[in-house]
Amino acid sequence: MPVKSGDKLPSVDLYENSPASKVNIAELTAGKKVIIFGVPGAFTPGCSKTHLPGYVSDFDKFKSKGVDEIVCVSVNDPFVMAAWGKEHSADGKVRMLADTNGAFTKAMDLEKDLTGPLGSIRCQRFSMLVEDGVVKTANVEPDGTGLTCSLSNSLLSQL
Amino acid sequence: MTIKCGDKLPNVYLHENTPDSKVNISELAAGKKVIIVGVPGAFTPCCSKDYVPDFISDCGKYKSKGVDEILCISVNDPYVMAAWGKDLNAGEKVRMLADGNGAFTKALGLEKDFADTLGTSSSRCKRFSMYAEDGVVKKLFVEPDGHSVTCSKSENLLSQL
């Protein structure tokens, strides 16, 4: 069942900057208000032109609503995620976490087969507000890749 | 079966810039002198710092030896490969070709499990460099451990041409 409001986040490790740097998503979100958004692929057009930049530029607005951290997740390795974040000046605003093996995506049941265009199973596009490790709001794109309900301005209006 | 000197390049499609832009490696190599460089991962430190940049900066030297094209392949999607090429200023010097689902790497018999570091969605490619004429491999250097930078370095391949 795809992740929904009321669910506890799974205790899964993601990677930040390098394979040696593990971040457990359940630990990261404990006691905090965190935005998590997932994308099908680093450097892909929709994710790069609209989805990630939206969250980077709305950082202060999220902070003023009490959000502690914004996290971006994708099924890419940590080197690719770090490079993508750097290209979009995400540093200090959005943490780029690599779901290297797709474990987090699978645990949330948000897999999408993008083997044709991207060569592997990826994550559906989504956004969520998590409080103390529990999902409060989850917005999953109906077709998994569109740029509608999961965009930054949409989530902001829900806070 | 692992590719070796004397073998024909496999008839496999790679992608350039986008998933819609297919490049058949046998067709590309037909009638030409090409260098093909394989790496474990786009944006990884080793591949990015010196390895691929050396092939980019040696482009002029390869051209003076009659090489028509230099290709870099990795098991990454085409958007990642294009972004990496831009980051490295590969420009017209090295074509960044995506082996998104690892088909080319598998056909060469050069797969390597980098599960711990780069994920298990597909095996990655061992580091290698090769020189092919009219689609036939003439020189081939595969790193013994699959990832270090030794025999497959540009200066070594250049010296063999």
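The model shown is predicted, which means the values in this text are computed figures rather than measured ones. Letters A, B, ... are given to chains in the order of the sequence lines, protein chains preceding strands, and every chain is numbered from 1.
Note on B/P78, B/P45, B/A98: by heavy-atom pairs under 4.5 Å with chain A, the leading option is B/P45.
Looking at A/N76, only its side chain comes within 4.5 Å of chain B, counting heavy atoms on both sides. When heavy atoms are compared at a cutoff of 4.5 Å, B/D20 does not approach chain A at all.
In this structure a side-chain-to-backbone donor-acceptor pair under 3.5 Å is missing from B/T44 to B/C46. With hydrogens and angles disregarded, a donor-acceptor distance shorter than 3.5 Å links the side chain of A/E141 to the backbone of A/S150.
Qualifying side chain to side chain donor-acceptor pair (under 3.5 Å) partners for A/N139, counting only residues two or more places apart in sequence or in other chains: A/S127, A/Q158.
Identified by a heavy-atom distance below 4.5 Å to chain B, the contributing residues of residues 36-49 of chain A are A/A42, A/F43, A/T44, A/P45, in residue-number order.
Taking a cutoff of 4.0 Å between a charged side-chain nitrogen and a carboxylate oxygen, A/K65 and A/D58 do not qualify as a salt bridge. Remark: B/D99 does not engage B/R124 in a salt bridge, criterion side-chain N to carboxylate O under 4.0 Å.
Note on ring orientation: taking the six-membered ring where Trp is involved, the planes of A/Y55 and A/F62 are parallel (angle under 30°, cut-offs 30° and 60°).
In the displayed structure, A/K86 atom NZ is contacted under 6.0 Å by at most 12 heavy atoms of other residues, nucleotides or ligands.
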